[in-house]
J.: 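Dropping the structure in here first, questions after.
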Amino acid sequence: MNSYPTKVLIGQENSSLSDAFKSLFSENGLDVQLTTNGNQVLDIIRSENPPDLLLVDYSLRNPTALEICRMVKSDPELGYLPVILILPPEMRSDEVLAVEAGFDDILIHPVSPHALLARVQSLLRIKILMDGMDDAESVLYALTRTMEAKDQFTMGHADRVAHYAVDLGKSMGLSEEDLAILRQGGMLHDIGKIAIPDVILSKPGVYTPDEFNVMKQHPVFGCQICQKLKSVRGAIPLIRNHHEKLDGTGYPDGLKAVSIPLLVRIINVTDIYDALRSRRSYKEPFSMEKSLEILWSEVEKGWWDGHVLKEWEKLVISFKVAG
Ligand SMILES: [Fe+2]
């Protein structure tokens with residue numbers, strides 16, 4: 001197995017079991033850390049030196065093993081952290097609850113140490129692959145920020161759109177999976193601008209028709225850059241279609257209402273809102289009220305989804321998000 005990742009955190013109230021595993025794991029090159037408290041588990045996995053795998057016993061309390069797993073699996077910041085549960089035979093009826101909590105594996109006590117070692121090594125191999133995908137995603141995010149840095153007026157745009165889109169998705173009750181796609185789509189929607197010549201990208205003022213035709217290629221370029229990367233595949237429609245309009249006058253595909261998914265409509269609204277609220281070479285930032293007014297006039301023209309804008313307006317006004 002690869003020389004990394006190797007850090008295993010074991011959380012168990014009674015340390016007798018973990019002591020037994022510790023020597024076997026250590027003999028096989030794993031770096032084992034023990035804790036007997038649920039809060040410490042949370043502190044360690046959120047620290048600057050988190051484990052690569054978490055092994056928890058059902059006995060753990062404050063919070064419980066199930067609560068910890070739910071927190072891990074609903075926190076995108078933790079990435080792919082595999083979590084294994086060891087369940088006592090008398091609690092077997094809770095296995096369904098454990099599956100619902102999202103454990104990557106559930107083993108019934110007593111567990112053969114060698115069987116457990118095999119499961120740990122297998123999940124760590126998957127972790128290596130997932131970390132590799134995360135690295136590739138981070139490179140794309142870095143590319144986006146590099147591209148934005150060429151133009152003082154667009155700096156931070158992708159981060160803001162990602163943040164706004166996730167806030168809006170949450171307020172609309174979307175799933176964690178959809179929120180993750182919104183985060184990626186917000187970050188990467190304009191990545192194709194990296195293939196647009198600087199002379200056009202940084203041009204002050206309004207584009208000529210020819211320049212605009214070149215600029216209109218950026219969603220296609222973005223799609224080409226990202227489509228080979230499996231971990232961002234869900235965000236491809238958001239990258240390719242973030243300039244589509246419900247009446248079919250957008251680009252690059254001229255999609256109409258029914259063909260434009262909800263997640264794309266969310267990026268539409270948050271992308272335009274941020275552009276309106278930001279300074280450009282040809283305009284000062286508009287106020288929150290003026291930006292919403294312009295967006296509503298564009299809903300009237302048949303460009304954006306009025307339901308999505310209504311939700312965004314509520315969020316902006318009620319909570320001062322992006323206000
Ligand atoms: Fe764009």
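Read the numbers this way: they start at 1 and go in the same order the structure lists the ligands and their atoms. What you see below is based on every heavy atom in this structure, not just the backbone, and it leaves out hydrogens, waters and symmetry mates.
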J.: Identify the two heavy atoms, one from Cys226 and one from Ile239, that lie closest to each other, and give their separation to 0.1 Å.
T.: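 Where Cys226 meets Ile239 most closely, the heavy atoms are SG-CD1, 3.8 Å.
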J.: Output yes when Arg70 and Glu67 qualify as a salt bridge under the 4.0 Å nitrogen-oxygen rule, no when they do not.
T.: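 Salt bridge flag = no for Glu67 with Arg70.
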J.: Is it true that atom CD of Glu177 has more than 12 heavy atoms of other residues, nucleotides or ligands lying nearer than 6.0 Å?
T.: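 12 or below, so no.
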J.: With 2.8 Å as the limit, jot down which protein N, O or S atoms are around the Fe ion (ligand 1).
T.: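 Within the sphere that stays under 2.8 Å of the Fe ion (ligand 1), the protein atoms of type N, O or S are Asp190 OD1, His218 NE2, His242 NE2, His243 NE2.
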J.: Please, which pairs that meet salt bridge (Lys or Arg N to Asp or Glu O under 4.0 Å) have at least one residue in residues 291-301, sequence neighbours excluded?
T.: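 The answer is Lys290-Glu293.
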J.: Looking at Asp104 and Arg119, is any side-chain nitrogen of the basic one under 4.0 Å from a carboxylate oxygen of the acidic one?
T.: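 Looking at Arg119 and Asp104, the cut-off is not met.
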J.: Strictly by modelled atom types, are Thr249 and Asp247 linked by a side-chain donor-acceptor pair under 3.5 Å?
T.: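 Side chains of Thr249 and Asp247: pair found under 3.5 Å.
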